[in-house]
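Note sheet for the following structure.
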Amino acid sequence: MRKPILISGIQPTGNLHLGNYLGALKNFVELQNSGKYDCYFFIADYHSLTIDFNSSEKSSEILAVASAYLASGIDPKKSTIFVQSQVPESTELAWIFNALTPLGEVERMTQYKEKREQKLGTDVGLLTYPLLMAADVLLYDAKFVPVGKDQLQHLELAREIARRFNNRFGKTFIEPQALLTKTPRVMSLNDPAKKMSKSLPEGCLFLSDSEKDIENKIKRAVTDSGSEVKYDAQNKAGVSNLLLIYEALSGAPISRLEKKYSGKGYGQFKTDLVKLVTDSLKPFREQKTSSIKLKSMLNAGAKKAEKLASKKIKVVKKKLGLLD
Ligand code: AMP
Ligand code: TRP
């Protein structure tokens with residue numbers, strides 16, 4: 001029997017960091033290696049145009065995500081890796097969804113409202129972005145979509161779009177299910193009240209950071225008053241965040257880590273964490289696949305994705321009464 005299709009994407013918007021690894025990439029690899037799914041992982045370059053960007057950096061940002069996919073363990077022999085804009089059917093389908101979705105449904109998206117408030121963009125794409133995301137998923141008949149919490153509302157909208165289309169034009173799309181990542185939010189090292197993000201570079205461990213950078217950032221990470229290595233998200237947010245990172249990278253449960261460092265203070269804990277992070281991120285520092293090889297891998301992935309996409313868009317156009 002054919003395995004169910006699983007799809008997810010990451011936007012190429014600059015340097016990837018430990019939050020992206022623990023919140024997305026690491027989970028993608030585990031799902032791939034479970035052998036239960038036919039996995040598609042793409043680079044959402046069209047989505048990334050809705051955020052201020054520099055055209056001279058875009059292609060290297062796209063290749064950097066491809067390279068991070070490989071370094072994290074996504075294997076092009078097991079999964080299909082491709083670039084969104086190289087399979088134009090998703091934008092065709094997005095247009096169709098634009099024409100069939102009530103304005104109110106996109107206007108109430110939390111991310112849209114937040115980005116508008118923060119003046120992160122004023123272009124139409126900011127509003128219609130979830131329709132392209134719905135197209136990315138529905139085009140491939142994906143059953144599962146691993147995402148972070150922030151994307152759940154967009155996925156719910158994709159389900160609604162599928163349902164409405166099926167009701168009006170006959171069964172066409174599968175309603176996709178979200179697979180939430182296990183890892184909670186990774187917080188900034190120097191401000192554990194905020195999410196680790198590239199906009200706070202001092203508290204952000206980039207996947208490309210040198211060993212020295214990793215050491216400096218972890219040594220300077222805020223810990224809390226007292227000296228006990230103990231999980232207490234309310235009163236010891238800094239240490240708790242470091243414990244979560246330690247647990248996610250080592251697989252050792254926090255309770256065991258607390259015992260291990262009991263009475264030892266923060267010093268030894270941080271030294272060990274530096275080593276763990278340095279070792280875990282080694283594949284990212286050492287990933288040196290040439291641009292030519294990355295591009296040829298992406299072209300092969302796009303060809304494979306295109307096979308599904310071109311069949312599906314034909315079916316959709318026919319249901320709508322368009323000529324093929
Ligand atoms: P973004 O940087 O928002 O494009 O995120 C790409 C992916 O990484 C999404 O699946 C996010 O949920 C995840 N991600 C980003 N930052 C973090 C973080 N600090 N902790 C956990 N996951 C994150
Ligand atoms: N919107 C997602 C993000 O910002 C990226 C994305 C685009 C995506 N299309 C998708 C994720 C389809 C999952 C499925 O993280």
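In each ligand, atom 1 is the first atom listed, and ligand 1 is the first ligand listed. All of these numbers come straight from a predicted model, not from anything done at the bench.
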Do any nitrogen or oxygen atoms of Val186 come within less than 3.5 Å of a nitrogen or oxygen of ligand 1?
-> yes
4.0 Å heavy-atom contact, His17 with ligand 1 = yes
Residue-ligand contact Thr13/ligand 1, heavy atom below 4.0 Å | no
NZ of Lys217 to NZ of Lys219: how many Å apart, nearest 0.5 Å?
-> 15.0 Å
Between Asp213 and Ser210, does any side-chain donor sit less than 3.5 Å from a side-chain acceptor?
-> yes
What about Arg185: any of its N or O atoms under 3.5 Å from an N or O on ligand 1?
-> no
Check each of Phe42, Phe41, Tyr40 against atom 10 (C) of ligand 2 and report the one with the nearest heavy atom.
-> Phe42
Answer side chain, backbone, both or neither: which part of Asp150 comes under 4.0 Å from ligand 1, heavy atoms only.
-> side chain
Using the six-membered ring of Tyr129, assess whether NZ or CZ of Lys115 lies under 6.0 Å from its centre and within 45 degrees of the ring axis.
-> yes
Without hydrogens or angle criteria, can the side chains of Asp136 and Gln84 be said to hold a donor-acceptor pair below 3.5 Å?
-> yes
N-O pairing of Glu228 and Lys236 below 4.0 Å = no
Is there at least one pair of N or O atoms, one from Gly19 and one from ligand 1, spaced under 3.5 Å apart?
-> yes
Would you mind reporting whether Glu105 and Pro130 have side-chain heavy atoms less than 4.5 Å apart?
-> no
Can you check whether Asp136 has an N/O within less than 3.5 Å of an N/O in ligand 2?
-> yes
Is there a donor-acceptor contact under 3.5 Å linking the side chains of Lys26 and Thr181?
-> no
Just heavy atoms, cut-off under 4.0 Å: does Leu132 contact ligand 2 by side chain, backbone, both, or neither?
-> neither
Answer yes if the ring centres of Phe42 and Tyr140 are under 6.0 angstrom apart, and no otherwise.
-> no
Hey, is His154 touching ligand 2 through its side chain, its backbone, both or neither, going by heavy atoms under 4.0 Å?
-> neither
Under a 4.0 Å heavy-atom limit, does Gln84 contact ligand 2 with its side chain, its backbone, both, or neither?
-> neither
Atoms of ligand 2 less than 4.0 Å from Val137 heavy atoms?
-> 12 (C), 14 (C)
Between Val145 and ligand 2, which residue portion shows a heavy-atom distance shorter than 4.0 Å: side chain, backbone, both, or neither?
-> side chain
The closest protein heavy-atom partner of atom 5 (C) of ligand 2 is Gly9 O, 3.6 Å
Just going by heavy-atom distances, which of Leu25, Asn20, Leu244 is nearest to atom 13 (C) of ligand 1?
-> Asn20
Would you call the rings of Phe41 and Tyr69 parallel, tilted or perpendicular if under 30° counts as parallel and over 60° as perpendicular?
-> tilted
Derivation of the salt bridge (Lys or Arg N to Asp or Glu O under 4.0 Å) call for Lys303 and Glu306 = CA-CA 5 Å; Lys303 266 203 193 121; Glu306 176 77 37; over 6 Å; no
Please say whether Val147 places an N or O atom under 3.5 Å from an N or O atom belonging to ligand 1.
-> no
